[in-house]
Structures are given as C-alpha cells and as structure tokens.
Amino acid sequence: DVISVDLKVDHNAQKVAQEIKRRLDPRSRKRREDNVDIEVFESYRGLSVLLRADQLFESRTDELTAAGRALLDYVGGHTVAVWGKVDAQRRVPLELAVEVHDAPEAARGSRFEDAWGLSTARAVTTARYLRAGGLAPGKVRPVGRGPRREGSRVELIFLSSAMRAR
C-alpha cells in the first residue's frame with residue numbers, strides 16, 4: 001500500500017485515516033483529481049498525515065494554494081465530522097499538532113530570514129485555516145520545526161492520549 005492503515009490508535013483516528021486513504025490514495029478509484037503525494041502512518045505520537053509542502057503552499061511563501069486549501073478542507077472537514085460524532089458520544093478529545101519542516105533553501109529569496117521562520121509561518125497558516133474550517137482553536141497546535149535536508153513537508157499529527165497536553 002502507498003498508505004498504510006494498519007493502526008493501533010483511537011478508533012476515530014482510524015476512521016479518519018481510512019477515509020483519507022480512500023479519497024487520496026493515487027490507486028483508489030475514488031481519489032482526488034489532483035496527484036497528491038500523501039503518507040499516513042502511526043507512531044508513538046499518534047496518527048500522522050504527511051504532505052509535501054509544495055502541495056499546500058506557493059513557493060517560498062506561507063500562502064496556501066487553491067489545491068492546498070481544497071486538500072485541507074477535505075482533511076479538516078472529515079476530521080471535524082468524525083471527531084464531532086465521536087466526541088458527542090464518548091468525549092474523546094481531538095488534539096492535532098501541525099508540524100512543518102522546510103528545506104534550508106526554501107526561504108532563500110523570500111521575506112523570511114530562514115527555514116525556521118518559513119516553517120513557523122506555514123504551521124500557523126495551516127493551523128488557522130483548519131480552525132476556520134471548524135476545528136476547535138485550543139486543540140490545534142502549530143509547530144515550526146525549521147530546516148530539514150530532505151525537503152519541505154507538513155505533518156498533521158492526531159496526538160495519542162499519551163502525547164496530549166494535560
């Protein structure tokens with residue numbers, strides 16, 4: 001599989017991952033029209049949805065592209081739908097970390113001093129966009145991770161209960 005859904009996390013996170021896989025996997029019959037490079041995996045931190053930053057942002061900026069907004073609308077909208085139902089039934093809190101890494105050269109020629117500034121601005125932009133789409137403000141945490149040699153990426157982490165702030 002391009003996207004693994006063999007998860008041992010909260011049932012609601014599994015539902016989100018399965019729906020994202022169904023919709024975005026390049027081999028899925030019901031995939032998006034856009035060619036989206038996405039990875040969904042589980043770690044000790046929770047369920048992660050990993051996207052390339054160039055799929056969401058204009059080059060060297062923190063401005064979302066139309067395709068990026070559509071992708072976040074889909075992921076965020078489905079998350080709100082699943083978590084809203086689950087939270088109403090079982091009081092399972094959603095906590096989402098939005099972590100962005102940018103390649104050192106990603107900020108060159110931009111208004112940002114370095115990759116750290118760009119990644120932080122992109123994390124805040126992503127978090128604000130998801131909040132505007134219905135995710136509770138206190139439950140979405142933007143984190144700029146700074147430079148990463150392997151390229152720019154955005155990681156949406158549905159935090160496991162062990163990683164949630166108390």
Chemist: Would the distance check show the side chain of Ser48 and the main-chain N or O of Leu50 forming a donor-acceptor pair, the cut-off being under 3.5 Å?
Modeler: no
Chemist: Shared ILVMFWY cluster between Leu135 and Tyr74, side chains joined below 4.5 angstrom?
Modeler: yes
Chemist: Write down the atom of Ser59, the atom of Arg122, and the distance for their closest heavy-atom approach.
Modeler: C-NH2, 4.4 Å
Chemist: Taking all non-hydrogen atoms of both residues, which atom of Ala103 and which atom of Ala115 are closest, and how far apart?
Modeler: O-CB, 3.7 Å
Chemist: If you round to the nearest 0.5 Å, how far is CD of Glu95 from CD1 of Ile157?
Modeler: 12.5 Å
Chemist: Contact between Leu156 and Thr126 at the side-chain level, heavy atoms closer than 4.5 Å - yes or no?
Modeler: yes
Chemist: Got a sec, which residues hit salt bridge (Lys or Arg N to Asp or Glu O under 4.0 Å) with Arg60, two or more places apart in sequence or on another chain?
Modeler: none
Chemist: With rounding to the nearest 0.5 Å, note down the distance linking CZ in Phe57 to CG in Leu64.
Modeler: 5.0 Å
Chemist: Would you give the length of the straight line joining atom CD of Glu63 to atom CG of Leu56, rounded to the nearest 0.5 angstrom?
Modeler: 13.5 Å
Chemist: Can you run down the side-chain hydrogen bond (donor to acceptor under 3.5 Å, both in side chains) pairs that involve residues 112-121, sequence neighbours left out, and say none if there aren't any?
Modeler: none
Chemist: List the residues meeting side chain to side chain contact (heavy atoms under 4.5 Å, CB included) with Pro142, not counting sequence neighbours, and say none if there are none.
Modeler: Ala123, Val124, Ala127, Arg131
Chemist: Just how far is it from atom CD of Glu150 to atom NE2 of His101, taken to the nearest 0.5 Å?
Modeler: 9.5 Å
Chemist: If you measure from CG on Leu118 to CD on Glu105, what distance do you get to the nearest 0.5 Å?
Modeler: 11.0 Å
Chemist: Is the closest side-chain heavy-atom distance between Asp62 and Arg111 below 4.5 Å?
Modeler: yes
Chemist: Less than 4.5 Å apart, side chain to side chain, heavy atoms only: is that true for Glu99 and Arg45?
Modeler: yes
